[in-house]
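Just so you know, ligand 1 is whichever comes first in the structure, and atom 1 is the first atom listed for that ligand.
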Amino acid sequence: MKALLNLFKLRIGVAIALTAVAGLMISPGGQIGGWQAAVLTLAVLLSSSAAGAFNQFYEVDLDARMGRTSRRPFVTGRFRHHGGWLALIVALTGIAVAAAWYAANALAALYTFLGAFVYAVVYTVWLKRRSAWNIVIGGLAGSFAVLAGAAAVQPALSVEAMLLAVVLFLWTPPHFWSLSIVCRDDYAKAGVPMLPVVRGERFASWAIFLHAVVMVGLSLAIAAWSPGWLYFACAATGGGLLVSRTIALLRAPGRATALASFHASLVQLSLLLLGTIADAWMRNAMA
Ligand code: HEM
Ligand SMILES: CC(C)=CCC/C(C)=C/CC/C(C)=C/COP(=O)(O)OP(=O)(O)O
């Protein structure tokens with residue numbers, strides 16, 4: 001069971017599903033029933049999990065060469081690496097996309113598919129081993145989770161939803177470049193061209209800081225549309241924490257400051273998503 005949860009990267013799947021719920025809740029107007037929202041959320045979770053399993057299926061050679069990933073089930077031999085897994089992954093993705101279509105609409109289904117496609121194929125297969133731009137383009141995967149939720153409510157996307165999708169796009173690089181400073185030696189050894197490996201820690205720290213500042217600024221600006229004070233308070237608290245950690249990273253680039261910045265990115269996103277959901281829920285309850 002633990003190996004299965006590891007294979008399907010469930011914690012990340014839950015974060016992606018929460019992102020879809022935030023996209024759904026931030027979209028004003030429109031009507032969607034509780035069961036439809038629940039099915040769509042589970043569809044995004046399933047699609048993300050299938051993509052996570054594909055990532056491990058495809059990267060078994062790479063995972064074996066890195067400390068952090070060397071205990072994954074295909075590496076240890078806990079799961080045998082054979083084509084049956086690929087069939088399961090394709091079937092799960094198909095079920096997820098069909099469920100999103102059934103519960104919501106074709107556009108929500110398309111975004112549910114594109115999120116998994118960007119992560120599994122564009123990032124994992126095409127870019128990860130070839131280009132330092134891997135994470136920048138891969139960041140679109142998170143944006144598609146926002147769009148899947150938003151399109152379920154209203155296929156014509158609201159400004160709030162589009163801005164939140166841009167926030168997710170800008171969030172991913174600081175999130176992952178921080179971790180790749182921590183694991184820089186592993187990535188260098190495995191020959192993966194992550195930004196800190198290719199351009200060094202100082203350059204990567206500047207890239208992290210600049211992305212974080214623009215992303216946090218944009219997340220605050222969203223409050224000029226429908227989100228209210230609760231959203232703003234959560235965005236400001238998490239944003240303040242993240243920016244302060246990225247400044248510390250800039251002052252002293254290294255593993256400890258990078259790990260603090262990675263953790264801050266998780267706290268900031270969690271606060272932003274929960275703030276979005278709680279704020280919309282409160283406004284709906286009072287309306
Ligand atoms: C291409 C884009 C992304 C890359 C390359 C990336 C990479 C990673 C990596 C390598 C980890 C460490 C996991 C581990 O220890 O095995 C991680 C953790 C995490 N990521 Fe991302 N991430 C990306 C996008 C996202 C997005 C869009 C979200 C959420 C919306 C997210 C949420 C999380 C969470 C919650 C964790 C911590 C959970 C855990 O430790 O298992 N990530 N990420
Ligand atoms: C709408 C929808 C379904 C979106 C899904 C998008 C998705 C699953 C994004 C997650 C990206 C992610 C966890 C990358 C891990 O990087 P990595 O694989 O390089 O990390 P590793 O070194 O741990 O394998």
Side-chain angles (χ1 to χ4, degrees), residues 5-23 40-72 74-75 89 92-93 96-97 99-100 108-129 133-152 164-165 167-183 186-187 190 192-195 259 262-263 265-270 272-273:
L5 294 185
N6 179 338
L7 176 64
F8 286 100
K9 299 193 176 180
L10 208 70
R11 269 186 305 211
I12 291 172
V14 169
I16 299 279
L18 201 65
T19 307
V21 176
L40 182 91
T41 306
L42 288 176
V44 170
L45 174 63
L46 192 60
S47 174
S48 158
S49 302
F54 176 82
N55 172 273
Q56 294 198 24
F57 184 85
Y58 186 81
E59 295 194 328
V60 66
D61 60 323
L62 203 60
D63 284 348
R65 280 183 269 147
M66 303 207 343
R68 184 176 59 80
T69 52
S70 62
R71 285 172 305 282
R72 290 188 168 165
F74 286 134
V75 179
I89 287 163
L92 292 179
T93 310
V97 173
L110 177 68
Y111 293 140
T112 302
F113 171 75
L114 285 177
F117 182 78
V118 166
Y119 174 41
V121 179
V122 178
Y123 168 75
T124 304
V125 178
W126 292 345
L127 293 178
K128 182 166 175 181
R129 299 179 199 221
W133 289 94
N134 49 15
I135 297 307
V136 179
I137 316 271
L140 279 174
S143 307
F144 281 122
V146 175
L147 298 184
L164 189 62
V167 165
L168 259 289
F169 177 68
L170 293 171
W171 174 84
T172 308
H175 163 69
F176 190 64
W177 285 334
S178 297
L179 190 65
S180 54
I181 290 181
V182 178
C183 306
D186 255 8
Y187 282 117
V192 181
M194 292 301 177
L195 193 66
L259 191 60
F262 172 72
H263 285 145
S265 81
L266 292 177
V267 172
Q268 184 261 344
L269 184 70
S270 306
L272 185 72
L273 298 177

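Residue G138 has at least one heavy-atom neighbour below 4.0 Å for each of these atoms of ligand 1: 1 (C). With ligand atoms numbered from 1 in the order given, ligand 1 contributes 5 (C) to contacts under 4.0 Å with heavy atoms of Y123. For ligand 1 and G142, the ligand atoms under 4.0 Å from any heavy atom of the residue are 27 (C). The contact set between ligand 1 and F262, taken as ligand atoms under 4.0 Å from a residue heavy atom, comprises 18 (C).
Of the protein's non-hydrogen atoms, R11 NE, 2.9 Å is the one closest to atom 41 (O) of ligand 1. Distance from atom 15 (O) of ligand 1 to its nearest protein heavy atom, with residue and atom name: R68 NH1, 3.6 Å. Atom 30 (C) of ligand 1 has as its closest protein heavy atom T19 OG1, 3.2 Å. With hydrogens left out, the protein atom closest to atom 28 (C) of ligand 1 is W171 CZ3, 3.5 Å, a heavy atom. Shortest contact from atom 36 (C) of ligand 1 to any protein heavy atom: L266 CD2, 3.7 Å.
Using a non-hydrogen distance threshold of 4.0 Å, L269 registers as a contact of ligand 1. Judged by the shortest distance from any of its heavy atoms, R72 lies inside the 4.0 Å radius around the atoms of ligand 1. The shortest heavy-atom distance from Y119 to ligand 1 is not under 4.0 Å.
Between atom OH of residue Y187 and atom CG of residue L62 there is a gap of 8.0 Å, rounded to the nearest 0.5 Å. Atom OH of Y119 is separated from atom CG of N55 by 3.5 Å, given to the nearest 0.5 angstrom. The CH2 atom of W171 lies 4.5 Å from the CG atom of L269; values are rounded to the nearest 0.5 Å.
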Using the side-chain contact (heavy atoms from CB on, under 4.5 Å) rule, take V146 and Y111 through it: C-alpha gap first, then chi angles, then the decisive distance, then the call.
-> CA-CA 9 Å; V146 175; Y111 293 140; over 6 Å; no
side-chain contact (heavy atoms from CB on, under 4.5 Å) between T93 and F54: does it pass, once the steps are laid out?
-> CA-CA 10 Å; T93 310; F54 176 82; over 6 Å; no
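Between V118 and F144 there is a side-chain heavy-atom pair separated by less than 4.5 Å. Between L266 and H175 there is a side-chain heavy-atom pair separated by less than 4.5 Å.
Contacts between W177 and ligand 1 below 4.0 angstrom, taking non-hydrogen atoms only, are absent altogether. At a 4.0 Å heavy-atom cut-off, ligand 1 touches I135 through the side chain alone.
Taking all atoms of both residues into account, the shortest heavy-atom contact from L147 to A165 is CD2-CB, 3.8 Å.
Of all protein N, O or S atoms, those under 2.8 Å from atom 21 (Fe) of ligand 1 number 1.
The aromatic rings of Y123 and F176 sit perpendicular to each other, their planes meeting at more than 60°, with 30° as the lower class boundary.
Within the structure, salt bridge (charged side-chain N to carboxylate O under 4.0 Å, His left out) contacts touching residues 46-59 (residues at least two apart or in different chains) are E59-K128.
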Quick one: table the atom pairs, ligand 2 N or O against protein N or O, below 3.5 Å, distance rounded to 0.1 Å.
| residue | atom | partner | partner atom | Å |
| --- | --- | --- | --- | --- |
| ligand 2 | 18 (O) | K9 | NZ | 3.2 |
| ligand 2 | 18 (O) | N55 | OD1 | 3.2 |
| ligand 2 | 18 (O) | N55 | ND2 | 2.9 |
| ligand 2 | 18 (O) | Y119 | OH | 2.9 |
| ligand 2 | 19 (O) | Y123 | OH | 2.6 |
| ligand 2 | 19 (O) | K128 | NZ | 2.7 |
| ligand 2 | 22 (O) | R68 | NH2 | 2.8 |
| ligand 2 | 23 (O) | R68 | NH1 | 3.0 |
| ligand 2 | 23 (O) | R68 | NH2 | 3.4 |
| ligand 2 | 23 (O) | R72 | NH1 | 3.4 |
| ligand 2 | 23 (O) | R72 | NH2 | 2.7 |
| ligand 2 | 24 (O) | K9 | NZ | 3.2 |
| ligand 2 | 24 (O) | N55 | OD1 | 3.1 |
| ligand 2 | 24 (O) | R72 | NH1 | 2.9 |

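Remark: the backbone N or O of L168 is not paired with any side-chain donor or acceptor of S143 at under 3.5 angstrom. Between the side chain of S47 and the backbone N or O of V44, no donor-acceptor pair lies under 3.5 Å. Judged by distance alone, with hydrogens and angles left aside, the side-chain atoms of D186 form a donor-acceptor pair with the main-chain N or O of G67 at under 3.5 Å. The closest donor-acceptor contact from the side chain of Q56 to the backbone of N6 lies under 3.5 Å.
Within a 6.0 Å radius of CZ in R11, no more than 12 heavy atoms belonging to other residues, nucleotides or ligands are found.
Evaluation of the ring pair (Phe, Tyr, Trp, His ring centres under 6.0 Å) rule for F113 yields F117 as partners, not counting sequence neighbours.
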